[in-house]
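The next block holds one structure in the form of structure tokens; read it before the comments.
No hydrogens, no waters, no symmetry mates; every other heavy atom, side chains included, goes into these values. Nothing here was measured: the structure is a model prediction, and the numbers come from that model.
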Amino acid sequence: MSSITQVSSYAKYLGLVRNLTNGQNRVDTLSEQLTTGKKSTDLNAYGAETQKLLALRAELTQRESYVQNINTASPRVKATDTVLNSLEKLATDWQSSNLMPFQPGPASVTSPFNSNPDALKLTVNGDKSTFTQNARYTVTSIPSKDGVNGSFDVTVTDGLGGKTTRTINLKTVPPSDGGGYNFKIDGGPGEGAVLNLSFDQLTAASSSTFTVSWPQANDMRDRVEGALRDIQQLLNEQFGDRYLFAGSRYGTEPVGDLLAQPQSTRVTLNGSMVNADDYFEVSIDGKPFGYQVQPGDPKTVTFVANTLNSLIQSANPKLPIIAAAANGVISLISEDPSQKFDVKARVQNSMSIDNSMTAPTTTQAATLPAPAGTGLKQIDSFALTGDGVDIGDTYEINVVVGDPEDPFNRKYYSEHPDEPEDLPPYQQYTVRYTVTEKDYNNGVTDVSKVADMLRAEFSKTSPVPPVTIDAAGNGSTIQLTSNSTMDPNHPSRVQQFTTSVRAVNGQIDNTISVATLPSQADALTDLPYVDPPDLPFYDSEYMSNRQNSKAWDKAAVTIDDGQTLTYGVTSDDRAFQKLISAFRMAHVAASNPGKYEEYITKSRELMAQAKDEVRSVHSKVASDLATLEEKKTAHTTASATVVERIAGIEGIDETEVAARLRTSMNALEAAYTVAGQRQKLSLLNYIA
């Protein structure tokens, strides 16, 4: 084959290849346009509109970025809005008198439990009393240190640090307390309470207890605690991995105990006197501090309380509490408001002696005087029994002349009309002696000495009974002798007098009570402003870091060109502080019924202010939410316009491109067919 023929054949080959390649390129280009919806992904294809297209694409990207920012911020703002709805509703609802009554309601007083009614039995006159606290009152009686025998020092404690003592002798005319005896509490949060007590029995050392509570106020206190728990939970709301109200402390729960206050607990040794070998113990968080009263120690609760307090203060390691003692009361206060401690206390009283008196017997009956009889006088005899005596034991002799059911002998005279009406009227003579601390220390420690003291008290009786008592020194058996023999005018009245006796075992059984004081009002003073402000007491970092600027940080988001929105609320916001203060003040009111009206008025004022301030904060959040929604709508609308303008430059007519693609594919297919046929030609086929 000549070279010219070869060149011609190669040229035809190249032409064929070029035609096939161009056809394939046209098909590829049209397919890409149909797939992407764009004329080209190569900017060079747009010529003069390239810069315009780039600008539109940049604008679309920017607006999509703003929308993404808004989509990130909006759910947090919506969650904040929901929380503020709840807080605002709380503040509104709690201004209702149903949730926060204007009065604490009536006090409920339990019937006293009298441990030994023969020694001490009392009743409480609620109408004449003025109570101020939920309290458990303990009333104890011991023989008076300064009064005459038969007088008792009666001490009333409320278990909250309050105490009062007054001397009472039921033989004397009661003071003008308006009926009963008034006891005014001194010390502690219950100070000023006045208890009007009536004593049906006060003859020996003993104790009684009763409690006072305010059901309505206590119910409100429980509701307030529930509301504060709700507020704490709301302010600790999480959104994703962040706390909504924590500022930039994203992973730190911002709010601690909204009722946090230094724990203040009182340990009260009830009464005023102790016995040797009494054991007192106070345990703090399981660590015991105990003391047993020694024979040479002062026998007062003040001494024991001071001793226990010294043991607590010298604990090693040191306890995180402040301890003090006064007037038989130990005060324990936590150094850290968030730190609570558990206190238990017990008393093991020393053994007491159970004393008694034998029943009186008439060892000699009265007879008629001579010459008709022997002229004997009636003698009654009884004995005091027991190995020893206790301070506070009381012994009693009753001598009765006449018939209590016929006090003026009218029945007797009607039955004996011949006898003269000269009998004395019914009369009872009572003699009592109580073992006092002073007498006990001076040797009155056995029943023989007590019998002599009874003989001495008998001689002081006024009016004088018509019997005589045997002389001192005759031991524990006492004899009573009538002043006269049988009366000849009344021979049937052999019994000149009747004797009855009893021993009332007084028990100075000391008790010890533990009570945590009710919440106290916060100081409502304006704090000096510092930048950043101090953290409020309820902040979880309050004890470790009084200032933390991160607690006040708010999130910021760019929502448009040159426009940044700062959004969110922090848990330390003044509105929340005021709302929490309002509820805490309501809690104080419910916990201190004696000052309920004073505190509830302050709480209502704070609640109204808090509602307005929370509403103001809520309005800002609602405004932010509206701004975000508005901007999102604007960006979405503008983006749609930009997309439309970009489509006007990049876009294709799908119908036209599809038709061109079909034509190009048909042409390409035909070219491949022709090329294939040429490859099959031979010299024989060509010649033919």
Side-chain angles (χ1 to χ4, degrees), residues 69 72-73 75-84 86-88 90-91 227-263 320 333-340 519-558 564-585 587 606 609-610 613-621 624:
N69 290 345
T72 300
R76 296 176 186 168
V77 179
K78 287 180 181 177
T80 304
D81 178 73
T82 301
V83 170
L84 290 173
S86 298
L87 292 174
E88 191 175 332
L90 266 176
L228 284 169
R229 284 193 295 269
D230 291 342
I231 293 173
Q232 181 177 342
Q233 182 177 353
L234 289 169
L235 293 180
N236 284 330
E237 189 71 30
Q238 278 186 282
F239 189 87
D241 61 344
R242 295 186 176 188
Y243 288 95
L244 275 179
F245 297 90
S248 60
R249 304 173 296 174
Y250 305 123
T252 301
E253 189 174 70
V255 176
D257 184 5
L258 296 183
L259 279 169
Q261 227 180 29
Q263 179 179 333
I333 303 175
S334 62
E335 295 176 344
D336 181 351
S338 64
Q339 184 67 41
K340 304 301 180 185
S519 58
Q520 299 301 301
D522 300 321
L524 299 178
T525 56
D526 292 329
L527 299 176
Y529 181 81
V530 292
D531 190 17
D534 287 342
L535 298 176
F537 76 91
Y538 58 79
D539 192 278
S540 60
E541 294 186 309
Y542 176 75
M543 290 304 297
S544 60
N545 191 8
R546 295 296 173 90
Q547 289 186 347
N548 186 349
S549 59
K550 291 184 177 181
W552 305 89
D553 288 342
K554 295 183 181 179
V557 60
T558 302
T564 299
L565 178 69
T566 301
Y567 67 92
V569 189
T570 65
S571 61
D572 303 326
D573 192 281
R574 293 286 182 178
F576 299 152
Q577 291 191 39
K578 188 156 289 185
L579 180 66
I580 291 166
S581 293
F583 276 101
R584 281 171 62 89
M585 190 64 72
H587 190 269
L606 288 169
Q609 296 171 19
E613 293 187 22
V614 171
R615 181 174 292 169
S616 177
V617 172
H618 192 188
S619 297
K620 167 65 168 61
V621 172
D624 291 344

At what distance, to the nearest 0.5 angstrom, does [atom1] of [X] lie from [atom2] of [Y]?
X	Y	atom1	atom2	answer
Asn69	Leu565	CG	CG	11.0 Å
Asp624	Lys78	CG	NZ	14.0 Å
Thr570	Leu535	OG1	CG	10.0 Å
Lys578	Arg574	NZ	CZ	9.0 Å
Tyr542	Asn548	OH	CG	14.5 Å
Lys550	Thr252	NZ	OG1	8.5 Å

Would the distance check show the side chain of [X] and the main-chain N or O of [Y] forming a donor-acceptor pair, the cut-off being under 3.5 Å?
X	Y	result
Asp534	Gln547	no
Gln339	Ser334	no
Trp552	Pro533	yes
Thr564	Val557	no
Gln577	Asp572	yes
Glu88	His618	no
Arg584	Leu258	yes

- Item | Ser338 versus Asp336, side-chain donor and acceptor atoms under 3.5 Å |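 Yes, because at least one side-chain N or O of Asp336 sits under 3.5 Å from a partner of the opposite role on Ser338.
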
- Query: Any side-chain donor-acceptor pair under 3.5 Å between Lys340 and Gln263?
  - Reply: no

- Task: Sorted by first residue and then second, give each salt bridge (charged side-chain N to carboxylate O under 4.0 Å, His left out) pair with at least one member in residues 238-252; sequence neighbours left out.
- Result: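 Every pair satisfying salt bridge (charged side-chain N to carboxylate O under 4.0 Å, His left out) with a residue in residues 238-252: Arg249-Asp539, Arg249-Glu541.
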
Is there side-chain contact between [X] and [Y], with at least one heavy-atom pair below 4.5 Å?
X	Y	answer
His587	Ser519	yes
Asn236	Leu244	no
Gln261	Asp522	yes
Gln232	Leu228	no

- Heavy-atom count around Gln233 CD within 6.0 Å, excluding the residue itself: above 12?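 No, because the 6.0 Å sphere around CD of Gln233 holds 12 heavy atoms or fewer from other groups.
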
Test applied, side chain to side chain contact (heavy atoms under 4.5 Å, CB included); reference residue, [X]; option that passes from [options]:
X	options	value
Phe576	Val569, Ile231, Leu234	Val569
Val255	Ser540, Pro536, Ser571	Ser571
Thr80	Phe239, Tyr567, Phe245	Phe245

- Task: Please list, chain by chain and in numerical order, all residues satisfying side chain to side chain donor-acceptor pair (under 3.5 Å) with Asn545, sequence neighbours excluded.
- Result: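 Partners of Asn545 under the side chain to side chain donor-acceptor pair (under 3.5 Å) test: none.
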
- Closest heavy-atom pair, Tyr538 versus Asp257, reported as atoms and distance to 0.1 Å, is CB-O, 4.1 Å

- Item | Contact summary for Ser549 and Asp553, nearest pair of heavy atoms |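 Closest approach of Ser549 to Asp553: O-OD1, 3.3 Å.
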
- Task: Dump the intermediate steps for side-chain contact (heavy atoms from CB on, under 4.5 Å) on Leu235 and Leu87, then the final yes or no.
- Result: CA-CA 9 Å; Leu235 293 180; Leu87 292 174; 4.1 Å; yes

